[in-house]
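One-based numbering, in listed order, for ligands and for the atoms of each.
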Amino acid sequence: MNIYKQIFKQIKKYDTIVIARHIGADPDALGSQFALKNIILELFPDKKIYTVGNPASRFKFFGSQDKIDNLNTSKAMCIVLDTPDIKRIDGANINNFEYVIKIDHHPIIDKYANIEVIDDNACSTCQLILEFAFANKINLSKSVGEKLYLGIVGDTDRFLHDYTSPKTFKLVSKLLEQTNIDFTGLYGYLYQRPINEVRFEGYIYQNLTLTDNGVAYIKITDKLMKEYGVDSAAAGNMINDLKFVNEITVWIFLSEDIKSNLIRANIRSVGPYVNDTAAKYGGGGHKYASGAKLKDWETADKLINELDNLTKKQKIVVIAIAGIVVIGIMYFIYNKNQVKEDIKDRKSVV
Ligand code: AMP
């Protein structure tokens with residue numbers, strides 16, 4: 001049976017379902033979480049569906065989270081979205097549930113569910129929820145369509161990143177035709193921001209350090225954030241905007257989070273894969289977009305150095321390959337000319 005049909009069968013079976021996602025919620029995590037909640041409730045209004053995790057004040061549009069402290073989950077199902085590792089599941093202990101389903105588009109880290117749908121070629125978990133809905137011939141409501149659309153737009157940065165595929169466009173096109181949502185009117189929910197954030201962005205651009213190997217980084221202290229009146233998530237929301245800068249191959253924003261006593265690293269790359277390095281520092285993510293929580297500035301410096309070395313190594317490999325290709329082409333042309341000369345010589349002897 002198709003895996004999405006199996007999931008639908010389980011959904012029908014359970015009266016109480018908790019839908020969780022990763023800590024540090026972003027539009028894809030929230031969009032998939034609340035869209036799935038709405039899908040289930042629109043079909044089965046009597047079921048008890050809870051969405052859990054710390055609320056993200058920036059993205060209130062998606063909905064508000066439920067508390068499940070007193071809920072008996074021993075006969076309930078938990079669906080975890082957009083979360084490859086157990087330690088980053090926000091607000092639910094999967095061990096307390098009878099049945100667990102995971103739907104995710106990150107490279108696999110922990111296997112923790114009875115049913116796991118992992119497609120790390122999908123642009124977003126919202127894309128997978130769309131696949132689930134269409135596989136089960138579920139009609140999307142406007143509210144579901146809006147959430148899924150924003151989740152896809154958020155994770156692909158408006159269809160800019162790798163893993164945006166013909167399949168993404170086909171699914172989104174079907175979503176738009178079916179729901180007729182005013183999608184251009186939705187962007188404000190993701191991108192509207194106060195002027196102090198724009199000024200803060202200006203500060204970041206002016207003060208980036210760029211290494212000879214094409215690694216750009218900035219250390220954002222708590223003091224600086226207070227000066228600009230922004231929170232520790234603000235820098236993370238700007239990181240994707242450096243994707244098309246000639247001199248930058250890897251870039252890292254390091255933001256101090258005084259409350260949690262750590263430093264948040266947002267890492268992006270258009271060169272080497274960065275998720276293995278992030279994992280070495282207790283983080284993870286995608287090949288070209290990763291993150292980690294670091295214990296101090298010294299560790300942050302180590303991370304910068306490691307990413308700098310990685311970028312340098314890749315540059316050397318690229319130059320070496322280019323050199324071999326050039327030598328190969330020259331050798332080929334030389335041999336071809338030599339053969340012509342030989343033929344000419346033989347003809348002149350005859
Ligand atoms: P961000 O820079 O926060 O947008 O995150 C980029 C990617 O890295 C996302 O797929 C996150 O899920 C992942 N990520 C961010 N921080 C961490 C972390 N501390 N541990 C594991 N994965 C992370």
Side-chain angles (χ1 to χ4, degrees), residues 20-33 53-54 56 58-59 80-91 102-110 112 118-128 150-158 160-164 190-191 201 204 216-220 230-243 248 250-257 259-270 272-296 299-300 303-304 307:
R21 39 76 188 166
H22 62 75
I23 52 176
D26 56 21
D28 185 35
L30 294 165
S32 53
Q33 186 183 33
N54 260 328
R58 196 183 190 92
F59 303 119
V80 185
L81 302 171
D82 203 32
T83 315
D85 43 353
I86 295 172
K87 73 175 190 317
R88 297 192 80 232
I89 300 173
D90 196 355
K102 181 214 274 184
I103 303 176
D104 186 27
H105 76 123
H106 292 88
I108 184 161
I109 298 180
D110 300 328
Y112 59 78
I118 299 163
D119 181 357
D120 60 3
N121 285 314
C123 72
S124 56
T125 300
C126 282
Q127 173 170 319
L128 300 179
L150 284 182
I152 291 172
V153 165
D155 246 33
T156 60
D157 200 9
R158 284 164 276 180
L160 193 75
H161 296 315
D162 306 299
Y163 305 119
T164 307
L190 295 189
Y191 302 118
E201 191 168 7
I204 292 180
Y217 66 89
I218 184 143
K219 294 177 178 175
I220 301 159
V230 297
D231 61 22
S232 66
N237 297 325
M238 299 166 189
I239 183 113
N240 292 326
D241 297 336
L242 288 172
K243 185 166 175 153
I248 300 178
V250 169
W251 61 111
I252 316 148
F253 287 0
L254 298 149
S255 317
E256 190 174 26
D257 184 342
K259 262 195 232 148
S260 314
N261 192 27
L262 53 83
I263 291 150
R264 246 172 248 291
N266 304 96
I267 310 164
R268 298 291 185 270
S269 171
V270 288
Y273 295 164
V274 287
N275 53 340
D276 286 343
T277 308
K280 264 170 85 179
Y281 286 78
H286 304 281
K287 289 170 187 163
Y288 298 112
S290 297
K293 287 176 183 167
L294 311 171
K295 65 177 193 310
D296 49 32
T299 315
L303 174 69
I304 294 168
L307 289 169

Closest approach of any protein heavy atom to [atom], naming residue and atom:
| atom | value |
| --- | --- |
| atom 9 (C) of ligand 1 | His106 NE2, 4.0 Å |
| atom 11 (C) of ligand 1 | Arg88 NH1, 3.9 Å |
| atom 3 (O) of ligand 1 | Asn266 ND2, 3.4 Å |
| atom 14 (N) of ligand 1 | Gly284 O, 3.6 Å |

Using a strict cut-off of less than 4.0 Å between a Lys/Arg side-chain nitrogen and an Asp/Glu carboxylate oxygen, indicate whether Arg21 and Asp82 qualify as a salt bridge.
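Not counted as a salt bridge, because no side-chain N and carboxylate O are separated by less than 4.0 Å.
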Asp85/Lys87 ion pair, N-O < 4.0 Å
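A salt bridge links Asp85 with Lys87.
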May I ask you to check if ligand 1 and Lys87 share an N or O to N or O distance below 3.5 Å?
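N/O-N/O distance below 3.5 Å does not exist for this pair.
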Strictly under 6.0 Å, is that where the ring centroids of His286 and His105 end up?
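Centroid distance His286-His105: below 6.0 Å, so yes.
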Should you measure from each heavy atom of His286, which atoms of ligand 1 turn up under 4.0 Å away?
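So the atoms of ligand 1 that pass are 10 (O).
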Mark up the atoms of ligand 1 that fall under 4.0 Å of a heavy atom belonging to Gly285, in ascending order.
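Contacts of ligand 1 toward Gly285, numbered from 1: 8 (O), 13 (C), 22 (N).
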Donor-acceptor contact below 3.5 Å, side chain [X] vs main chain [Y]:
| X | Y | value |
| --- | --- | --- |
| Trp251 | Ile267 | no |
| Thr277 | Asn275 | no |
| Asp157 | Val153 | no |

Would you say [X] contacts ligand 1, with heavy atoms under 4.0 Å as the rule?
| X | answer |
| --- | --- |
| Ala292 | yes |
| Arg268 | yes |
| Ala289 | yes |

Among Ala233, Ala29, Gly291, Gly236, which one puts a heavy atom closest to atom 17 (C) of ligand 1?
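When every heavy atom of Ala233, Ala29, Gly291, Gly236 is considered, Gly291 comes closest to atom 17 (C) of ligand 1.
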I need the Asn54 CG to His22 NE2 distance, nearest 0.5 Å.
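Those atoms lie 13.0 Å apart.
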Could you list the residues that satisfy side chain to side chain donor-acceptor pair (under 3.5 Å) with Asn266, not counting sequence neighbours?
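Applying side chain to side chain donor-acceptor pair (under 3.5 Å) to Asn266 gives none.
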